[in-house]
Amino acid sequence: MPDEVTEKRMRLRYAGTCRVCGTVLEARTDAVYERVTKTVRCLSCDTPTMDRPAESDSEPSDLEKRLPTTAPDTKAAPVPGTAGASARREFERRQARREQRIRTKHPRLGGLILALSDDPQSTTAWNSGALGEERLGQGLDARASDTIRLLHDRRIPGTRANIDHLAVTPSGVLVIDAKRYVSKRPALVVEGGLLRPRVEKLTVGSRDQTKLVDGVIRQVELVSGILGDATPARGYLCFLDADWPLIGGTFTVRGVDVLWPKKLYAQLAAEGPFSATVAETHALLAAALPPA
């Protein structure tokens, strides 16, 4: 059985530096990507192993499969979307399906059963999520202007997932995931250090929720792939109704900022070297990522 492919020759989407000789590699340069170290190597330093199976240059990565295959129509007026719309639809769909199931099984007592019983947690979670997205969307919309433009509930191509909010500002694009965890405290947990690799985890209450960070990182990669290197994008996990401490509280996990709405709103006014116009970037994202 051949060894697992650990390297791939590809055309770089972003600029990089050769791990071996230090040569700066511009975007769209052919190079070798090392999956284990997550670094690149220029072709001059490429020393292929005969036993290593070749991998097709044309095979798209998971990220490339989600990028638009055709140039988006940026001339159309951007549709900002409705915050929490897809989560609200899913909650209502699940609620209606449960009601229909109970009324069909219990024609005479269905109404009474529904009145005396609550929706399961798997259904109410969608309502809670929708409420969080709706509230954060209202707060973001209240701060919209010519230099702060917003998109809500954007569908990720090729998946059923969505991006809750995108804020295009003069300093770059904020990729925002809204989470509502009532009276639970988000915290950064660091494991390892001197003798073991450092590992950063996110906990909410007593549960490991690092998967939320992974999701935001994937969303940032998607947005960066659409916009290119000239436009910085940063991920944010915004917790509503959480048990935040009176002093401090915000932190960063693997490049994703974890905070609450008031702290997030302050990020909208941050200054930076972003050169592209806000309107053009807003239109590009709106066309590439349609409303969910």
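A side-chain donor-acceptor contact under 3.5 Å links Ser224 to the backbone of Val220. Here the side chain of Arg149 pairs a donor or acceptor atom with the backbone of Asp146 at under 3.5 angstrom. Within the 3.5 Å criterion, the main-chain N or O of Val278 finds no donor-acceptor partner in the side chain of Thr281.
The list of ring-ring contact (aromatic ring centres under 6.0 Å, His included) pairs with a residue in residues 96-151, not counting sequence neighbours, is empty. Counting only residues at least two apart or in different chains, ring-ring contact (aromatic ring centres under 6.0 Å, His included) contacts with residues 145-196 comprise His152-His165, Tyr181-Phe239. The salt bridge (charged side-chain N to carboxylate O under 4.0 Å, His left out) analysis of residues 156-177, with sequence neighbours excluded, yields the pairs Asp177-Lys179. Sorted by first and then second residue, the ring-ring contact (aromatic ring centres under 6.0 Å, His included) pairs with a member in residues 188-235 form an empty list; sequence neighbours excluded.
By the side chain to side chain donor-acceptor pair (under 3.5 Å) test, Asp30 pairs with Arg11, sequence neighbours left out. Listed by chain and number, the residues in a side chain to side chain donor-acceptor pair (under 3.5 Å) with Arg135 are Asp241 (sequence neighbours excluded). The side chain to side chain contact (heavy atoms under 4.5 Å, CB included) test applied to Pro261 returns Leu136, Cys238, Leu240, Tyr265, not counting sequence neighbours. With sequence neighbours excluded, no residue forms a side chain to side chain donor-acceptor pair (under 3.5 Å) with Arg155. The side chain to side chain donor-acceptor pair (under 3.5 Å) search around Arg97 returns none, not counting sequence neighbours. For Lys263, the side chain to side chain contact (heavy atoms under 4.5 Å, CB included) criterion is met by Thr250, Leu259, Trp260, not counting sequence neighbours. Among residues two or more places apart in sequence or in another chain, the side chain to side chain contact (heavy atoms under 4.5 Å, CB included) test is passed with Val189 by Glu191, Lys201, Thr203. Judged as a side chain to side chain contact (heavy atoms under 4.5 Å, CB included), and not counting sequence neighbours, the contacts of Ser145 are Thr147, Ile148.
In this structure, Glu134 pairs ionically with Arg88, as a charged nitrogen and a carboxylate oxygen lie closer than 4.0 Å. Salt bridge annotation for Arg93-Glu90: present, with a cationic side-chain nitrogen under 4.0 angstrom from a carboxylate oxygen.
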